[in-house]
Every structure is written in C-alpha cells, then in structure tokens.
2 protein chains.
Amino acid sequence: MPTRCLACPLRKKDMFAKLGREDVEAIQRFKAGEMQIEPGTAILLEGSNSPQLYTALSGLGLRYKTLPDGRRQVINLVFPGDFLGLQAGLMGKMRHSVEATTAMTLCVFDRAEFFRFFRSHTERAFDITWLAAVEEHFLGEALASLGQRSATSRMAWALLKIWHRMNGLGLCDASGRCPLPYRQQDLADALGLSLVHTNKTLAKLRERQLVSWSGGMLRLTDLRALTDLAGAEFESEIVRPLI
Amino acid sequence: MPTRCLACPLRKKDMFAKLGREDVEAIQRFKAGEMQIEPGTAILLEGSNSPQLYTALSGLGLRYKTLPDGRRQVINLVFPGDFLGLQAGLMGKMRHSVEATTAMTLCVFDRAEFFRFFRSHTERAFDITWLAAVEEHFLGEALASLGQRSATSRMAWALLKIWHRMNGLGLCDASGRCPLPYRQQDLADALGLSLVHTNKTLAKLRERQLVSWSGGMLRLTDLRALTDLAGAEFESEIVRPLI
DNA sequence: CGAGTGATTGACGCAGATCAAGCGAAGTGG
DNA sequence: CCACTTCGCTTGATCTGCGTCAATCACTCG
C-alpha cells in the first residue's frame, strides 16, 4: 500500500517546506504510484527517455555519468526527498544515470502528467525551478572543489556536505553518526581521485581522529577541524520543497 | 535607446526558440531597461542580493566562485542570450559572481517583477526551468571533465564546447575562427589547471596544429582530432529559449 | 572451501604544481 | 619621446601529489 502524500513521513521533517492540505492533495493526484527497488538497481539511465519521474522517499542512491573510456564521474548523491528525472522531463533524455545504492522507495510520477502539473500549479513549478537552481549551485561548489582543492580538502568538504545533509534529514543519531552506505570507489569517483589515493587520504583523516567510517556508518569527530580543512563555509541546511 | 524585444537581434538567430508576437511583447513588458558595461566590470557579486536579473544581449563574460583562500574557479562562460541572476532571484542571493570580460549590453529585469512574470506566464516559467536544467547538465559535464580527464583532454573539451557555442550563435566567421577574448588565466581557472600548465598544454595543441589562439581569436584546425582528444560527443547546439 | 567484493598497504613513476626568469605590447607620466 | 611600469604570455628547472601497479587481508556467500 503506497504512502499517502498527506501522511508522507518526509513531509513532517523540518527540512521540507510545509504545504497546505490542498497543495499536498494536488501532489497526491499527480503521483502515479510507488516503487520498491533493490540495492544496485538502475533507476534512470543516461540517454534514456524515461516516461517517469521520481521522488526518493527512502534509501540512498547516486547520480553519475559514464565517459566514453569507461571512467565514471559521480555527480552527486541521492537523498530522500530528491526529485529525479527532471532532465528527462525537460530535455527529452537523461544526461546522467541514477542508481540505488541501498534499497529504495520511490514515488512515481508520470511524465505526460508532469507538463500538466507544471502548468497548472504555479507554486509547484516555482519549487521545481528552485530545486534546479539549488542543484546548479551545488554543482558549482563541487566544480570548485575538484578544480581547486587538494585531495584532503576535497574529502573533508564532501564528508561535511554529506553529514550536514544527513543531519538535516534527521538521519544522524544522537552521537553524530550517520549512515554512509557507499563504497570508497563511489567516493573516489565523486572526488575525481583514484581509489587508492582515496583510501590513503581517508586513512590520514582517521589517524588524525577527524573521521571514522566503517560498516556503512560515518562519524565526524571534529567538525571544526574538518571545516577548516575543507576551507569552506557550511550553512545550515536550507528548507526545501518536496514534490 | 534600448533594443525593443520585437527587434532583438538575438531572437532572429536559429539558436533561439521562436516566439509569437504576444509572447515577445510580454517579455518586453517585463524588461525594465538596458545596461552597457565596461570590460572587467562586475555584474553580480557572490553573496549579493541583486534586485535585478539580466539577459546578456551582446559581449562575453564569465561566472566564477572565489574560495576562502583566494583561488578562483570559473564556473562557465557567459554568452549572448544567457540569463543571469536566476540564483539570486530564487535563492535570495548569488552563490557565484558574474563579470564582463568584454564590453557588454544587458537587458535588465526587475526581481520583484520576476515572480509575477514567472507566475503569470507559464510557458516562460517552463523555459526558465529548462534553462536551469541545461545549466545543470553542463555543470555535470564540466565536473566529469575536471574529475576524470587529463589536462590535454580537458582543454580540447573546453575549446570545442566554446567553439560549438560560438558557432551556434553565428559568431564564427567563414574560416571557422571565433572570438575568444579571455586570458589564459581564465581558461586555467575554468579547467582547474595552473596558468603555467595551461600555457604548456596549449602550446602542445598548437604544435600539433590543432588549435591557434592569439589576439583574442580562436581557430580550431582539426575538429575531428580535437573531439577524439576530448573523448566526448558534441551534439549540435540545442535551440534555447530567450527571455 | 573457493570465489568474489571491498579495504588496505607499499613501491614506483609521471602529470601537473610551483618557482623563477624573461619577453613583447600597451599604457603612463615626466 | 623616451624611461618605466604593468599585464599577459612563454619557457626552463625542480618538486610533489596523486595515479598506477601489485599484493595482501578481511568478509560474505554459494
């Protein structure tokens, strides 16, 4: 039995903008169904013209691009509440792939319906544009990380970014541990580093007692020091719209 | 005397989507004025809450982020037809800066007006979202370049990207030369390379007779070979909306 | 128990950073 | 009109962060 939008567990969280009953019901009507997927499953494929859009309800995933020579760039991670497939919806086809890292639950929306929804719900259209702009902002930051920062600094930046997001979602426990069910290879592909160097960089952070990451759980021991290393500011997580 | 939207020289180009007279007039009403700026002038500043949005009418610029340590990452270049300030419009403040490289002419829009415009012109709202999605796509590609490609490959990719865009805008002459009024430092900051290495990489491409770039003009002598080097596909430029 | 997957560690080499110096063109002021 | 500065481009020498190669280890699973 699919989650009813009015009872959506995500919508209760502080991180997501509050909507009136009417608005939530409109989203409910837009929603075509729900989907459970296994870890490792592809959700959207680069080049595909997906007839569906999704919102991640639970679970974690990642977006990536594959280069002609087989190398992979992880564009970013997929967290609960993320809207997936906007590119295909607007540009006709996906320019990157999305896959599930853990088991995931997705809300499914119909692409044909999407246009109607966008046109008839101005506020939601606005939210969707907002999401695109935030994503653009994130990618700009990521670009600056890859272009200008050292391996250590990049890694500190990425871990902090992830941790803050997880924290915003209430996925950290009291002691500040949060789930991080990715492989080192995923992190390496996100940071533009080799697996080996990623491992060694991580080892250094561990030695310095700044980070521990094992068994799929991440703990940042010294946010201050990491933030210094990252050489960036981390604002408290913004309230986002949830479609 | 400001350009009238109905007579906008950009709108005539194939690269931009055709609009009906009504639609163009709506944009004209949205337009608050026009602005001429000198080379080197800042258009939007990171952190600022600009009361205005712009569309580049002519001239070239660049978007960049400055890191706390003073390093700079060029996010992308600004071409005629680009819409500037959407981030500030949506997120309250700019997350990167924009500055003019050459003299530029900008159409000025009022931010307060922007919300009304977005809400009352659904098709234009759609176009704006489309623009954000395309930008997101571009940044994803750029990220993959910085993360996965060698200096030579990155440079080939960037020059091709620029050339194709210029070509789409009809800014290349018959012999395939196009303007490129940037400094090597700008390119370096875009590619995440040092100035010195950028220069040497460029020198290699020149020796191999693939590229010539001097006096602010770029000529790509062998698109095929460069495309191979870049290890990417270059689709013909997409038709974009023009606000 | 063997096979597969992911983490870890050491040895080695190279792409690209950094340092340093010189060059030509354009501007500026005395 | 000529010193003098400034800015962008070039080039060489040297250093190093990170990639690549190659093993090994710890787990999990059939």
Side-chain angles (χ1 to χ4, degrees), chain A residues 38-40 62 67 69-74 99 101-102 145-159 179-208 211-219 229 231, chain B residues 38-40 62 67 69-74 99 101-102 144-159 179-208 211-218 229 231:
Chain A
E38 294 298 304
L62 43 81
L67 306 196
D69 67 356
R71 284 159 158 272
R72 180 182 79 146
Q73 174 69 40
V74 169
E99 79 175 43
T101 299
T102 65
S145 277
L146 294 217
Q148 310 298 332
R149 294 196 237 261
S150 70
T152 312
S153 177
R154 262 183 254 185
M155 183 163 299
W157 176 82
L159 294 177
L180 193 67
Y182 299 92
R183 296 167 302 156
Q184 292 190 1
Q185 182 70 65
D186 296 326
L187 189 57
D189 288 347
L191 299 179
L193 297 172
S194 70
L195 171 60
V196 173
H197 199 64
T198 300
N199 181 290
K200 287 174 181 166
T201 306
L202 211 41
K204 267 183 221 144
L205 292 181
R206 230 182 335 240
E207 276 168 34
R208 293 168 63 175
V211 167
S212 71
W213 176 22
S214 61
M217 294 300 283
L218 171 71
R219 167 181 279 132
L229 265 183
Chain B
E38 294 297 304
L62 41 82
L67 305 198
D69 67 355
R71 292 162 89 87
R72 180 182 77 149
Q73 174 70 39
V74 169
E99 79 175 44
T101 300
T102 66
S145 277
L146 294 216
Q148 309 298 332
R149 293 196 238 264
S150 70
T152 313
S153 178
R154 262 183 252 184
M155 184 164 297
W157 177 82
L159 293 177
L180 193 67
Y182 299 92
R183 296 167 303 154
Q184 292 189 1
Q185 183 69 64
D186 297 325
L187 189 58
D189 288 346
L191 300 179
L193 298 172
S194 70
L195 170 61
V196 174
H197 199 63
T198 300
N199 181 290
K200 287 174 181 168
T201 306
L202 211 43
K204 269 185 219 142
L205 292 181
R206 233 185 330 243
E207 274 166 34
R208 293 167 62 176
V211 168
S212 70
W213 177 22
S214 63
M217 295 298 285
L218 171 71
L229 265 183

With sequence neighbours excluded, tell me which residues meet side-chain hydrogen bond (donor to acceptor under 3.5 Å, both in side chains) with A/R71.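 B/Q148.
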Using the side-chain hydrogen bond (donor to acceptor under 3.5 Å, both in side chains) criterion, which residues pair with B/R154? Sequence neighbours excluded.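 B/R154: no side-chain hydrogen bond (donor to acceptor under 3.5 Å, both in side chains) contacts found.
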Determine, step by step, whether A/L195 and A/Q184 satisfy the side chain to side chain contact (heavy atoms under 4.5 Å, CB included) criterion, reporting the C-alpha distance in whole Å, the side-chain angles of both residues, the deciding distance to 0.1 Å, and the verdict. CA-CA 7 Å; A/L195 171 60; A/Q184 292 190 1; 3.8 Å; yes
By the 4.0 Å heavy-atom rule, please label A/R149 as base, sugar-phosphate, or nothing.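 No contact.
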Answer with base, sugar-phosphate or nothing: what part of the nucleic acid does B/T201 contact at a heavy-atom distance below 4.0 Å?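 B/T201: no heavy atom of the nucleic acid under 4.0 Å.
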So which of residues 185-197 of chain A are in contact with DNA chain D, with a heavy-atom cut-off of under 4.0 Å?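 Residues of residues 185-197 of chain A that come under 4.0 Å of DNA chain D are, in numerical order, A/G192, A/L193, A/S194, A/V196, A/H197.
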Any salt bridge between B/D189 and B/R183, counting N to O under 4.0 Å?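 Salt bridge between B/D189 and B/R183, a charged N being under 4.0 Å from a carboxylate O: no.
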In degrees rounded to 10°, what angle is found between the helical axes fit to the five outermost pairs at each end of the helix from C/dC1-D/dG30 to C/dG30-D/dC1?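 Both end axes considered, the difference amounts to 30°.
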In the structure I gave you, are the side-chain heavy atoms of A/L187 and A/L180 within less than 4.5 Å of one another anywhere?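 No, every pair of side-chain atoms sits at 4.5 Å or beyond.
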If we only count heavy atoms from C-beta on, is the A/V211 to A/M155 side-chain gap below 4.5 Å?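 A/V211 vs A/M155: side chains apart.
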What integer distance in Å separates [X]:[atom1] from [N]:[atom2]?
X: B/Q148; N: D/dC18; atom1: CD; atom2: P; value: 15 Å
X: B/R183; N: C/dA25; atom1: CZ; atom2: C1'; value: 16 Å
X: A/K204; N: C/dG10; atom1: NZ; atom2: P; value: 12 Å
X: B/L146; N: C/dA17; atom1: CG; atom2: P; value: 11 Å
X: A/E207; N: C/dT9; atom1: CD; atom2: P; value: 8 Å

Passing candidate, side chain to side chain contact (heavy atoms under 4.5 Å, CB included) with A/Y182, options A/V74, A/T102, A/T101: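 In the set A/V74, A/T102, A/T101, the residue that makes a side chain to side chain contact (heavy atoms under 4.5 Å, CB included) with A/Y182 is A/T101.
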Counting only side-chain N and O atoms of B/Q184, is one of them less than 4.0 Å from OP1 or OP2 of D/dC7?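 Result: no.
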Does D/dC9 have its OP1 or OP2 closer than 4.0 Å to a side-chain nitrogen or oxygen of B/N199?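 Result: no.
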Roughly how far, to the nearest 0.5 Å, is the [atom2] atom of [Y] from the [atom1] atom of [X]?
X: A/L205; Y: A/K200; atom1: CG; atom2: NZ; value: 15.0 Å
X: B/S145; Y: A/L67; atom1: OG; atom2: CG; value: 7.5 Å
X: B/K204; Y: B/L229; atom1: NZ; atom2: CG; value: 11.0 Å
X: B/L191; Y: B/L159; atom1: CG; atom2: CG; value: 8.0 Å

Working for side chain to side chain contact (heavy atoms under 4.5 Å, CB included), residues A/D186 and A/R72: CA-CA 9 Å; A/D186 296 326; A/R72 180 182 79 146; 2.7 Å; yes
Want to settle it: does A/R154 or B/Y182 sit nearer the 5' end of DNA chain D, counting the closest nucleotide to each?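 Mapping each residue to its closest nucleotide by heavy atoms, the 5'-most match is B/Y182.
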Kindly check if the number of other-residue, nucleotide or ligand heavy atoms within 6.0 Å of CZ (A/R206) is above 12?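 Yes, CZ of A/R206 has more than 12 neighbouring heavy atoms, counting only those of other groups under 6.0 Å.
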Dump the pairs, protein N or O against N or O of nucleotides 28-30 of chain D, anything under 3.5 Å, distances to one decimal.
none

What about A/K200: does its side chain form a donor-acceptor pair under 3.5 Å with the base of D/dG17?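 No pair found.
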Taking all heavy atoms of A/G231 and all of A/R149, pick out the closest pair and write down the distance.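 In terms of heavy atoms, the two residues are closest at O-NH1, 2.9 Å.
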Please list, for nucleotides 24-27 of chain D, all pairs of protein and nucleotide N/O atoms separated by less than 3.5 Å.
none

